[in-house]
Amino acid sequence: MEAFAEALARASDPLTLLLLLSGVLVGLLVGALPGIGGVFAMVLLLPMTNGFDVYSVIGLLIGLTSVTTTSDTMPAVLIGVPGSAAAIATVEDGHPLARQGQGDRALGAAYSASMFGGLIGAILLALAIPILRPLVLSLRTPDFLAVSVFGLLFVAVVAGKEPVKGVLAALLGLLLSLVGVDPLQGVQRFTFGSSYLWDGLAFSIVFIGLYGLVELSDLLRRRSVADVQFTSSLPAVLRGMRDTVREWRLVLSSSVVGTLLGAVPGIGVTTIDWVAYGIAQRDRRGGPEYGKGNIRGVIAPESANNAKEGGNLIPTLAIGLPGSIGMIFVLSVLSSHGIAPGPKMLTEHLPLVYTIVIFVALANVLGTGICLLMTRQIARLAAAPVALLVPVALTLIVLGAFTTHLRVEDLVLLVMFGGLGMLMKANGWSRAAFALGFMLGPNIERYYFLSAQLNGWSLLSRPAVVVVLLILVFVIIRLAYGKRLQLSRLVLRPEGWGDRVMVGGLFVLGASALWASQSFSGGSDIFPRIVAGALVVVSLPSLVAGLVARPLVGQGDDPRPALVLLGLIMLFAALLFTVGHLVAVFSFVTVATLMLDRSRWRGALACAVAATGSAYLIFDILQHVSWPLALLHVSAPVPTNG
Amino acid sequence: MVGAVNKTSDFYRNGQLLKNLVNPSIQVILGFKGENELMAALDRGEIGMYCGPTRSTYIREGRESTQTVVGGVGNPETLAALGVDDVFAGVSPEDRSVIDFSQFQYSYFYAMALPAGTAPDIVKIYRDAFSALNQDPEFIADIKAKVPDYKHTEGEALQAAVAAELDTDPAILARYAELTK
């Protein structure tokens, strides 16, 4: 009690509260901007905290990390572009709700679910304090492997009505996750001799392309976010909040899962979200189909991804093993103040641990409160003209991707994954299954090799491994047979050119990868061979089925919006490299808006000014991006000393 | 079992030195993500030890041609007290040279560097600033509070040491490569 009282006193210190609030505000901002991660904000803010005591700095960090998964829902729901990886699952049902004119209801549900999730995560963290260390130390490397494989099994949940498409999408994600320098042997895999690919395909670019560009193209096609007349109303927001309260069992179970999986290092938020989504899908009573605007599909992932913050803190505080990238910064702050995570956290630093619990709870309440206050205004975005929305969103998306490495390859990758995403969405291929494969691939490979070295065959005697293997067998049988013997479920019957292109492309990709992996040495070829081989085996029957089937004419969406979007990206890229980013943003937004709607010149200028100002604030003032010199740059004189 | 990150890491190279010079029964386990994960695996009892701390990538990546040292921080005395002398006490003089070569890293554990070709007057500005920083009583008090054994090395001295290290006998380099293969 004494420690808790000290924690309360520390947490209520005005300076600490101010820093917590600052962290919350920055966290909400970066969460709402696609491609700008919380890590960037931490890197930015940490140097400014020199001289503050450990409680204040931790308050700032916890405030920031706790709420990025609250505000990332805004773009996910309103324009179908997840603000961060944590909102990918939310897009599935949140964006369809916005298209049905229920964006404010979805946001109300998402924010309140986020808050309850965060609070439950904080409570579970507090309850776990006495057993933090033994709890974390009881887990072994094979358990981490089992949890990673368990996450991959949720492909079965997100695969949709055609399981083969889901399996192939997941295999594609797995294969592409192996691009780069092998983390064990240091062997280059699928890098084509390019140093750009050494670190693998940048996560942020892949998902901005896969989701962001696809939704912008879709917006261009539909001409508005909402398919129906949109009116933002407080009752709708409150209805969303009531939905959350009504689904309290789902909130509780998703939050518990979020906290528990969050405590397992290496289990990313994407996995946590899809596991929670899978829990929601078990209940199919009433409501629209999942993926078409079921509010439970918003509530579950939003509860889980905020609860995971409490889980992330468990290994961080117990044994100094960061539960997420954000926790590395928490550890570095503790370390720079001479505090070593471990047993002493439960004795001499117990007030700090309780303060962290209070911070998590407080940050979630503050974050949700701020988001709810802004919901009605932000939800009006759904009624904004596409001619204004698309150019501004596109500049932020392209700049967000480009600042990953500041190389032209960033833009090429963005367009490639945009094209892949459009093909997948248009033909009913699960991007979620791809995301699961892409996120979990590296973990599964690494934990497998670690477990095999550490445990040998006794790896199979760990209960978690046995349980996951049994579930795996069950899932495969379910996928193959359905409710009755139906081997044909293993073969896709391509219905149009899109499916044929996908299946043919995946077969060629798998065969090429299989061939290329022969040159990988020292065991670094094992996973690429398995994944590429599986891709070939699974895609071959569908490829044959596609070749023998009569081709259908007139299938597929109108390609013009995608071509317009590609043209806009090329225009913006050309301006970026020619006149520099600020002039490029201003001129691009003006021209692109007028191209889409000639009557909106006032709006075009206003948006151009706002976008240029935002780009300057985000990328120059805050992020200090070292932009490459534009072709038409003007050299400034270099200052010299004396 | 000795934990390591990957085959390009110093955890692995140091583990291999230990295995090849001291105890052939050692098994180097690859795949941990970094020092935090190694420490957690130690706590869980999955590995018996790991060989750190991380070596600077300065020489390994041939950065001498791309960087100019501004200065370095890190306390060679403290870092040398890792038991290296005791562990490798029985090795031959030739192999001892290899060990010394492998331990040189600790004398510039956190080196600060500029791109190669930076104008000498710019390098001087940075080195003077680094030197002035390390004479600032307020900075020293602050850093000593956080890192009690903090020490620094001036850029010129470190650059000379790196140059000497780069002149290492090729036979020692070949033996080092053989032992850490």
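Here is how names work: the chains are called A, B, and so on, in the same order as the sequence lines, proteins then strands, and each is numbered from 1. Only heavy atoms go into these numbers, but all of them, side chains included; no hydrogens, no water, no symmetry mates.
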Asker: Write out, in numerical order, the residues from residues 453-460 of chain A with a heavy atom short of 4.5 Å from a heavy atom in chain B.
Answerer: A/Q453, A/L454

Asker: Can you measure from NZ (B/K7) to OG (A/S521) and round to the nearest 0.5 angstrom?
Answerer: 7.5 Å

Asker: Verify the neighbour count for atom NZ of B/K144: are there more than 12 heavy atoms of other residues, nucleotides or ligands below 6.0 Å?
Answerer: yes

Asker: By a 4.5 Å heavy-atom criterion (distance strictly below it), what part of B/F32 contacts chain A: side chain, backbone, both, or neither?
Answerer: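 Answer is both: backbone and side chain atoms of B/F32 are under 4.5 Å from chain A.
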
Asker: Can you find a heavy atom in the side chain of A/Q185 that is under 4.5 Å from one in the side chain of B/L30?
Answerer: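 Yes - at least one pair of side-chain heavy atoms lies under 4.5 Å apart.
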
Asker: What do you reckon, is CG of B/D136 surrounded by more than 12 foreign heavy atoms closer than 6.0 Å?
Answerer: yes

Asker: Just by modelled atom types, is the A/R140 backbone N or O under 3.5 Å from a matching donor or acceptor in the B/R44 side chain?
Answerer: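 No: the side chain of B/R44 does not pair with the backbone of A/R140.
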
Asker: Under 4.5 Å from any heavy atom of chain B, what part of A/Y448 do you find: side chain, backbone, both or neither?
Answerer: neither

Asker: Can you tell me how far OG of A/S524 sits from CG of B/N6, rounded to the nearest 0.5 angstrom?
Answerer: 12.0 Å

Asker: Could you tell me the separation between the CG atom of A/L450 and the CD atom of B/E37, rounded to the nearest 0.5 Å?
Answerer: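 Going from CG on A/L450 over to CD on B/E37, the span is 7.0 Å.
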
Asker: Does any backbone or side-chain atom of A/T141 lie under 4.5 Å from a heavy atom of chain B? Answer side chain, backbone, both or neither.
Answerer: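 Both parts, heavy atoms under 4.5 Å.
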
Asker: Do A/P142 and B/E46 make a side-chain contact, defined as non-hydrogen atoms from C-beta onward lying under 4.5 Å apart?
Answerer: yes

